[in-house]
Protein chains: 2
Amino acid sequence: MVSDTNKTQAESIADKIRTLILNGTFQPGQPLRQEALSEHLNVSRTPLRHALQSLAENGLVETTGFKGARVAKPDPGMVDDLFAMRMLLEPLALKSAFQHHTKLDFAAAEMALDAAENEQQPSRLSDLNWTFHDALYRPSNRHTLLRTIEHLNRASALAEVIASSIVARPEKSAAEHRQLLEACKKGDETGAIALLGTHLQSAHHDIRNRNPRECPSSTE
Amino acid sequence: MVSDTNKTQAESIADKIRTLILNGTFQPGQPLRQEALSEHLNVSRTPLRHALQSLAENGLVETTGFKGARVAKPDPGMVDDLFAMRMLLEPLALKSAFQHHTKLDFAAAEMALDAAENEQQPSRLSDLNWTFHDALYRPSNRHTLLRTIEHLNRASALAEVIASSIVARPEKSAAEHRQLLEACKKGDETGAIALLGTHLQSAHHDIRNRNPRECPSSTE
DNA sequence: GAAACCATAATTGTATCCAATATTGATTTA
DNA sequence: TAAATCAATATTGGATACAATTATGGTTTC
């Protein structure tokens with residue numbers, strides 16, 4: 001999200017489309033026509049197709065055969081799976097990173113939390129959310145593990161946005177994040193891992209127990 | 001692998017390229033030039049690019065900026081991560097599927113094992129390997145969980161092939177598979193989960209303790 | 001009047017061509 | 001002679017044109 005420099009055009013518009021989805025401009029189930037999108041984003045269909053494919057692999061859009069792509073609409077089963085996996089994998093990442101945390105990592109995490117306080121846009125909040133977790137996990141240097149976790153987080157983002165659990169209760173998430181960060185700073189490994197678990201459980205619970213806003217139920 | 005019917009051309013050649021990689025025709029680190037590949041597979045560069053992107057998302061090739069794509073060469077850290085994740089996620093899938101196993105699932109699993117006995121080609125063995133595990137996990141109906149596990153399995157395949165742990169010791173893997181299947185048939189849930197754990201540990205161990213065959217160390 | 005069938009249009013996938021970027025090699029200069 | 005610079009080539013990313021597939025609407029037939 002920093003800038004489009006050194007980034008292929010397909011990646012740039014993938015970010016843009018992801019933002020449009022997370023901000024609710026494109027609602028779940030809505031079909032994403034290639035020609036309309038390409039002219040809307042002022043690009044050709046070629047990079048657009050690459051962007052859609054990338055988003056499909058990340059679970060934000062669902063694409064099938066020759067029928068085109070639509071914004072994914074996460075069902076409860078998908079949300080359960082995503083959080084079940086995150087609850088298994090993220091503690092491992094945190095545990096592996098714990099010995100290698102530096103002040104810079106904590107600073108990066110704190111900066112993300114501070115920025116989130118004054119942010120309303122769901123896509124930005126989602127990004128900052130991941131930035132925080134990533135700051136705590138990355139020192140593990142387990143790139144493959146982190147890549148999978150990032151996928152799961154980005155896929156969860158859509159469900160979180162739909163349930164309005166990010167924008168509606170930012171203070172709750174923020175408090176949990178701060179507690180987690182403090183435990184990490186203190187070097188309280190078991191405490192931090194426990195806090196991470198409850199944080200994920202809490203997020204999962206909030207998503208499940210909120211009625212998703214009615215979306216115009218695309219033609220099926 | 002059944003047939004190319006109803007499959008987009010990009011997907012078909014993605015399968016072909018994956019086969020070529022797993023069978024050792026394309027060695028790890030080797031650059032994959034688009035024009036050469038496209039004329040070799042008798043397709044245009046457009047679907048080829050989609051295939052490469054798909055393979056990149058699955059971890060079989062690494063693509064960077066404008067420099068092109070190369071066959072991925074899995075480092076030990078990647079292998080460790082993949083198996084650490086599989087050891088956490090696959091028991092969950094098996095556990096979730098356990099109550100819903102039918103005779104058809106067991107038959108499908110057994111068929112895959114039988115087919116593997118008379119198979120030499122690494123890519124086929126890798127496919128059959130996944131077919132077996134998938135047969136035991138799919139009744140869980142947890143599609144999102146299964147999709148992630150499939151990614152991890154396909155990414156592990158390359159490392160397994162490089163270490164020759166599939167082709168060199170098929171009988172060991174086969175024995176573990178049969179034991180696991182028997183436990184499932186008996187309804188011994190805890191036993192099956194334990195066997196799955198040791199099976200994954202064994203596979204991981206075999207990969208780590210074999211010297212990868214020297215590959216012509218592509219130009220860096 | 002309902003269902004099957006065929007033609008037309010809309011949309012996606014593929015091939016070809018052009019632009020942008022990276023790599024290679026020679027040439028020049030210190 | 002070695003290093004830097006710049007031109008020429010090779011390779012990838014993107015735009016446009018074409019083919020294949022699917023969806024849609026009307027017509028026909030029972």
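All figures in this text were calculated on a predicted structure; none of them were measured in a lab. Throughout, a chain's letter reflects where its sequence line sits, starting with A, and its residues are numbered from 1.
For the pair B:R70 CZ and D:dT11 P, the interatomic distance rounds to 13 Å; values are reported in whole Å. At whole-Å resolution of the value, CG in B:L32 and P in D:dT11 are 13 Å apart. For B:I13 and C:dA15, the CD1 to C1' distance is 13 Å, given to the nearest whole Å. As a whole-Å value, the separation of B:Q53 CD from D:dG14 P is 10 Å. When the C1' atom of D:dG13 is taken as reference, atom NE2 of A:H50 falls 8 Å away, rounded to whole Å. Straight-line distance from the CD atom of B:E39 to the C1' atom of C:dT16: 15 Å, rounded to whole Å. With rounding to whole Å, A:E11 atom CD is found 17 Å from D:dT12 atom P. The distance from atom CD of A:E35 to atom P of D:dT16 is 12 Å, rounded to the nearest whole Å.
Which of C:dA15, D:dT12, D:dT21 sits closest to the side chain of B:Q34 comes down to D:dT12. Of the candidates C:dG13, D:dT11, D:dG13, C:dG13 carries the atom nearest the A:R49 side chain, counting heavy atoms from C-beta on. Picking from D:dG14, C:dT14, D:dT21 the nucleotide with the shortest atom distance to the side chain of A:A10 gives D:dG14. For B:R33, counting side-chain heavy atoms from C-beta on, the closest listed nucleotide (D:dT11, D:dT22, D:dA15) is D:dT11. Nearest to the side chain of A:F66, among D:dT21, D:dA15, C:dA22, sits D:dT21.
A:D15 places no side-chain N or O within donor-acceptor distance of the main-chain N or O of A:S12, the cut-off being under 3.5 Å.
Residues A:N42 and B:K67 both approach DNA chain D. Their nearest nucleotides, taken by heavy-atom distance, put B:K67 toward the 5′ side.
Looking only at atom types and distance, the side chain of A:S126 has no donor-acceptor partner in the side chain of A:N129 under 3.5 Å away. With hydrogens and angles left out, the side-chain atoms of A:R45 and A:S38 include no donor and acceptor closer than 3.5 Å.
In this model, a side-chain donor or acceptor of B:T46 finds a partner on the base of C:dT16 within 3.5 Å. Scanning atom types as modelled, one donor and one acceptor separated by under 3.5 angstrom connect the side chain of B:R45 and the base of D:dG13.
The side chain of B:Q9 places an N or O atom within less than 4.0 Å of a non-bridging phosphate oxygen (OP1 or OP2) of C:dA15. Residue A:T8 has no polar side-chain atom (N or O) positioned under 4.0 Å from OP1 or OP2 of D:dT12.
Taking the centre of each ring, A:H151 and B:H151 stay at or above the 6.0 Å mark.
Ion pairing between a basic and an acidic side chain is recognised when a charged N comes within 4.0 Å of a carboxylate O; B:R147 and A:D81 show no such pairing.
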